[in-house]
There are 2 protein chains.
Amino acid sequence: MKRRTTSSKQAVFNILKSSEVALSQDDIEKKVAGEMNRATMYRILNSFCEDGHVHRIFSDDGRTYFAVCLNCKENDHHHNHVHFRCLKCLRMECLKEEIEIKMPQGYTFKDANCLVTGYCNCCS
Amino acid sequence: MKRRTTSSKQAVFNILKSSEVALSQDDIEKKVAGEMNRATMYRILNSFCEDGHVHRIFSDDGRTYFAVCLNCKENDHHHNHVHFRCLKCLRMECLKEEIEIKMPQGYTFKDANCLVTGYCNCCS
DNA sequence: TTTATTATTGCAACAAAGTCGCATTAATAA
DNA sequence: TTATTAATGCGACTTTGTTGCAATAATAAA
């Protein structure tokens, strides 16, 4: 299934790319110009994740956030950096810090999703 | 609002206590003897979390898992240990390892939810 | 440039997790 | 034993996310 370039995809990608924080589908819907179907947007976001352009962050607020992969090379996605969600301004951002996880004997690591909540420097 | 001891609460707590893995509401419903209303169970689980007897794990499968606090003292809950979910047997367990997260300047830490996916020693 | 192919979109319906109001039941205190 | 109010069950609801299907449009082929 070869991917096709569409204006919807470009719009979503530009919003993600120009955002300094991770965005939920809801956030993106508010930022996008005009109308875009929710199902379509989820399909776009899912395809970005599959293709490795974007990564998901599963938050404790029940939403999934999306952010462009900055330090990930093609075929080398390391998502074991820490995400931070401010409990006051609700912004979700990627922290620089990476965590090292020693897996127990016999366990195989696949992916990590590390979320820290608290207050950012503006809200502390 | 003083808490009251009920058989439903005891049942849920015993299930959580005797489980070596973290359980979702769905998991508990399957294990509980007889019927228990879903809303009731969520209320029970939420009260356990509020009281600090149980902690939540937000998983990438969209569910919330619950586990008794083992190494947490009253008023000192440190949930910055790592959780692991096996992609094959779907078990969710608490790993011993604790992570240290250096917060950026001005940020306040509140809680951490760190989930690793992969394959456990049985499924590797 | 025109046509054929098939990825993408929008719509509506659906699914699952979790919450909430309200009347009823039952644990605890008086 | 009675009064108080926390806990329960029920049903309706919300939110996040997915899916089938017909219509549309991006790309390849002619």
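Letters A, B, ... mirror the listed sequences (proteins, then strands); counts begin at 1.
- Side chain of N113(A) to main chain of I57(A): no donor-acceptor pair is present (N/O by atom type, distance under 3.5 Å, no hydrogens or angles).
- Separation of atoms CG (N14(A)) and NZ (K9(A)) is listed at 13.5 Å; rounding is to 0.5 Å.
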Which side-chain N or O atoms in residues 38-45 of chain B pair as donor and acceptor under 3.5 Å with protein atoms at least two apart or in another chain?
none

| query | Would Q10(B) and T5(B) count as a side-chain contact (heavy atoms from CB on, under 4.5 Å) if you check the C-alpha gap in whole Å, the side-chain angles of each, and the deciding distance to 0.1 Å? | reply | CA-CA 7 Å; Q10(B) 288 175 310; T5(B) 317; 3.7 Å; yes
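- Sorted by residue number, the list of members of residues 84-93 of chain A with any non-hydrogen atom under 4.0 Å from DNA chain D is empty.
- For F66(A) and F48(A), the gap between ring centers reaches or exceeds 6.0 Å.
- No continuous path of hydrophobic side-chain contacts links L23(A) to M92(A) [ILVMFWY only; heavy atoms under 4.5 Å].
- Across the protein-nucleic acid pair, L45(A) atom CG and dT16(D) atom P stand 14 Å apart, rounded to whole Å.
- Rounded to whole angstrom, the span from the CD1 atom of I57(B) across to the P atom of dA17(C) amounts to 16 Å.
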| message | What verdict does the side-chain contact (heavy atoms from CB on, under 4.5 Å) test give for R85(B) and L115(B), after you've listed the backbone C-alpha separation in whole Å, the side-chain angles of each residue and the deciding distance to 0.1 Å? | response | CA-CA 7 Å; R85(B) 197 168 66 85; L115(B) 180 73; 4.2 Å; yes
Distances under 3.5 Å between nitrogen or oxygen atoms of protein and nucleotides 23-25 of chain C:
none

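- Interface residues of residues 2-10 of chain B facing DNA chain C, ordered by number: R4(B), T5(B); criterion, heavy-atom separation under 4.0 Å.
- D27(A) and S24(A) are linked by a side-chain donor-acceptor pair at a separation below 3.5 angstrom, with hydrogens and angles left out of the test.
- Heavy-atom distances under 4.0 Å link DNA chain C to R38(B), A39(B), Y42(B), R43(B) of residues 18-44 of chain B, given in residue order.
- In this structure, the side chain of S124(B) does not engage the main chain of Y107(A) through any donor-acceptor pair within 3.5 Å.
- To the nearest angstrom, C1' of dT16(D) lies 15 Å from CZ of F58(B).
- Under the 4.5 Å side-chain heavy-atom criterion for grouping Ile, Leu, Val, Met, Phe, Trp and Tyr, M36(B) is connected to I28(B) within one hydrophobic cluster.
- Judged purely by atom type and a 3.5 angstrom limit, S19(B) has no side-chain atom pairing as donor or acceptor with the backbone of I15(B).
- Regarding D51(A), its CG atom lies at a distance of 13 Å from the C1' atom of dA7(C), rounded to whole Å.
- Linking ILVMFWY side-chain heavy atoms closer than 4.5 Å, directly or via other members, places F109(A) and F84(B) in a single hydrophobic cluster.
- Across all strands shown, N46(B) has heavy atoms under 4.0 Å from sugar-phosphate atoms exclusively, and none from any base.
- For E35(B), the salt bridge (charged side-chain N to carboxylate O under 4.0 Å, His left out) criterion is met by no residue, not counting sequence neighbours.
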